[in-house]
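Working notes for the structure below.
All values below come from the heavy atoms of this structure, side chains included, with hydrogens, waters and symmetry mates left out. Throughout, a chain's letter reflects where its sequence line sits, starting with A, and its residues are numbered from 1.
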Amino acid sequence: MLYKSIGLVVLLSTGLLFSCKDKVGVDDDVTDFDKAEMLENVSSNIIVPSLNAFSTEVSDLKSSFETFKATPNSANLEEVKLHWKESYIIWQWLKIFDFGPIRDIGFKSATATYPVDTAKIEDNISNGGYNLSSVVNLDAIGFNALDYLFYNSNSLTSFQNNSDYADYASEVIEKLYNETQNVVNGWSTYESEFNESTGTSSTSAFSEFVNEFNRDFELAKTAKVGIPIGKANLGLANPDYVEARYSGISFELLEESIRALATTYKGNSYRTDAAGIGFSDYLVHLGKDDLDQTIKDRFEIILDKTQGFSMTLEEAINDPSKTDQLDELYLKLQEHVVYIKTDMTGAFGVLITYQDNDGD
Amino acid sequence: MTKGNPFKIDFFKQESIAPLIMFRIIFGAILLFSSVRFIYKGWVTTQYIEPQFYFGYLGFEWVKPLPGNWMFLPFVIMVISALFIVIGLFYRYSTFVYFLCFTYVELIDKSNYLNHYYFVSLMVFLLIFVPANRDFSIDVLRRPHLRRKLVSAWHIGILKFQMAVVYIFAGIAKLNSDWLLEAQPLKIWLQAHHQIPLIGNLLQEEATAYLLSWGGCFYDLFIVFFLLQRKTRPFAYIVVIFFHLVTWLLFPIGVFPWVMIFSTTIFFSVKFHRTLLLALKSIFKWPAYVPDKIDAKPKANSFVKLALVIYIFIQIVIPFRYVLYPGNLFWNEEGFRFSWRVMLMHKEGLATFYIKDKATGRTIEVDNSDYLTVRQEDQMATQPDMILQYAKFLKSEFDGKTFSNSTKSITLRDPEVNAEVFVALNGRRAQLFVDKKHDLSTLNYNLKHRNWLEPFEK
């Protein structure tokens, strides 16, 4: 009896194998996908170019600030603002890749924590003796500290009359500059390690990339939009939480952040948008063409919604007639999470924790 | 073909103690290794000290972690008692203490539930009652009169039974359409390894997923029968090693493959174990056996027999309790745990919770990472009972809290807790799992069917 049932199962499985063989034949036009090629494309066409562009822009920010510090006039300040803004825009690409050298030095939180504590910044300036590397100063450094220092209504006079104020800005920029150089150097050695780490464990570069991609999208959803419009506060808006509040470029940052995520999803190159291998190709390879199309379309819709405001985020928050439009934008962001975090990650078979697992 | 089933035979037939002694040493060593490994990996901190909230088991919610670093205590005790089990010192106390500590730790948080932890709990429980210290142990050095050459058949048989339960039920669980007809979730899991040199390309072939799905099912269902036959045993054990090594290489299942590879030696012949034990004894210059007057066949104890029958019955019935529930087992997970459903499905979930102020209709979207670890959130998002427990926890967190901005201030009184949950099962697109319309905080947490779950749409 036992041998009979064994025989039956063997027969069935052989039959099944042969019946699948045909299916495999049909699928042969789909080339075998290689995660290593995808990682190589992402590092060499997205991460490294955006990192280099960022580094150049931060250097320009540093030198333009030195010029401004020597000659503090309004034209020189405008030049500084220009480089500040451009580097903050490029940052929207880099912040996706919070692993390897970027994570090692805590670059993401040091660069773009917001809201900043303006009282703390003022205290630091007037009392001196601050340590910008200390954790307590995380909300007194980075792009948003500069946003305050460059764009508050007394900015120019403060720079002209208070050398401590200028020194503080100088140190914030110096820190950003040094850390950028560290990350650039770190990536030149980390790149090959990244390219080869294709496994499924939660610590493989591939898994970290997928997980950080999702985290960055969720962060954009929650921090750039959700919290300021009051999603965590019974709908009571919090304009204090708006990113880059003083310059008012929060919508531009959100738009670039979404564009960076959408481009990375497709695996297209930084700036040139030349086609490359990305998550999109992996999904198509897995036969998930539908999902791939949904994700691409939805990214476009989100971009479209982001561009629908001809005012700053703070103005939109304070304008009751814009509430529905903001809610709509947030909803589109929210709906997207299930496609990338649940459907896409589920299809890739990526793990999010490192503990033992027996699959239930 | 002889009937190899050891459970049909006399529970009290006298057999050599050698397999039991070897099992004590082998299993004790596994316990020792995995306890040390758990501490070494830092999991005591991440799983039992850092979380702010624990998902207790129904009826066991009173089981709480010890404060702060005191949580290391049960793990240190486990290491010591496992060592005592290996060397056979205060054996009955050691097994009991290990069982107590291990089970206590497992009961704290069901987001840590693994079938192999349940297996360890049961095995150690059984070890308390069998005389695995009655030869080649410190206990018999201290009290030589305890020494035995023979034990009752059930002492070894019950351990074999437990092993058989794991394998056979894992096989039965695989008899479902996703596993056999879609080769899921293996299709997802295998293709993720396509970069492995040489076999990588093979792993993204559909045929491979089907072969391994059917092979795995066949293996689980029948391996025990091959292990029980003297003739097929050597070949079967090679298959055991191969199968578990493959799972160890491809999946993050930790020590489980090693637990199974080593525990399976219980099926080996008396001759094998006796040879091994003699070799060990000669290394440790163990005194040759002193003829024993007390080795008379013990009376068949009807209480023991009844207890065994009840235990066996419970073990067989529990995995089938899911038939009491309507709907899809993988979707609803009602009667899912404690049933040896190992590496059976790939479930990915996204759970967004909302706290609703009844007076104004305003809502708060909860950031789960404020309250749960990554692992807890991951587990909770696909398991209905945990969704409910978390909702009730959120209710207590938010009730009475005040939210404000520069213009307004609202204090929550008895708020609603809603959740919108999407789940993707075995490679399908995500479907709605829990609708936002339910106030989860008012629902009862019990074993009844959860009709607030959206039906699985296929």
For chain B, find which of [options] contributes the most heavy-atom pairs closer than 4.5 angstrom.
| options | answer |
| --- | --- |
| A:Gly349, A:Gly235, A:Ala232, A:Ala36 | A:Ala232 |
| A:Lys35, A:Glu218, A:Met344 | A:Lys35 |
| A:Leu234, A:Thr342, A:Thr294, A:Asp343 | A:Leu234 |

Name the region of [X], side chain, backbone, both or neither, that has any atom closer than 4.5 Å to a heavy atom of chain B.
| X | value |
| --- | --- |
| A:Tyr330 | side chain |
| A:Asp240 | neither |
| A:Phe206 | neither |

Worksheet item: Most heavy-atom pairs under 4.5 angstrom with chain A, which of B:Ser409, B:Ser404, B:Gly427?
Response: B:Ser404
Item to complete: Under 4.5 Å, counting heavy-atom pairs only, tell me which of B:Lys408, B:Arg428, B:Gln191, B:His193 racks up the most with chain A.
Response: B:Gln191
Discussion item. For B:Glu365, is there an ion pair with A:Lys231 - N to carboxylate O distance below 4.0 angstrom?
Written reply: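 No, this pair does not count.
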Tell me, side chain or backbone of [X] under 4.5 Å from chain A's heavy atoms, or both, or neither?
| X | answer |
| --- | --- |
| B:Ser406 | neither |
| B:Tyr354 | side chain |
| B:Leu412 | side chain |

Worksheet item: Yes or no on salt bridge (charged side-chain N to carboxylate O under 4.0 Å, His left out) for A:Glu335 and A:Lys332, after CA distance, side-chain angles and deciding distance?
Response: CA-CA 5 Å; A:Glu335 287 172 349; A:Lys332 289 291 172 254; 3.5 Å; yes
Practice prompt. Describe, in one word, how the ring planes of A:Phe194 and A:Tyr190 are oriented to each other, choosing from parallel (under 30°), tilted (30 to 60°) and perpendicular (over 60°).
Written response: tilted
Worksheet item: With a cut-off of under 6.0 Å to the ring centre and 45° to the axis, is B:Arg341 in cation-pi contact with B:Phe336?
Response: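 Relative to the ring axis of B:Phe336, which defines the angle, B:Arg341 lies inside both limits.
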Item to complete: Find out whether B:Phe38 and B:Gln47 are in side-chain contact, i.e. whether some heavy atom of one side chain is under 4.5 Å from a heavy atom of the other.
Response: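 Contact flag for B:Phe38/B:Gln47 side chains = yes.
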Worksheet entry | B:Thr382 to B:Glu348 - nearest heavy-atom pair and separation | CG2-C, 3.7 Å
Worksheet entry | Donor-acceptor side-chain pairing of B:Asp109 and B:Gln376 below 3.5 angstrom | yes
Item to complete: Mind running salt bridge (charged side-chain N to carboxylate O under 4.0 Å, His left out) on B:Lys358 and B:Glu416 for me, showing each step along the way?
Response: CA-CA 7 Å; B:Lys358 285 174 182 162; B:Glu416 268 187 35; 5.7 Å; no
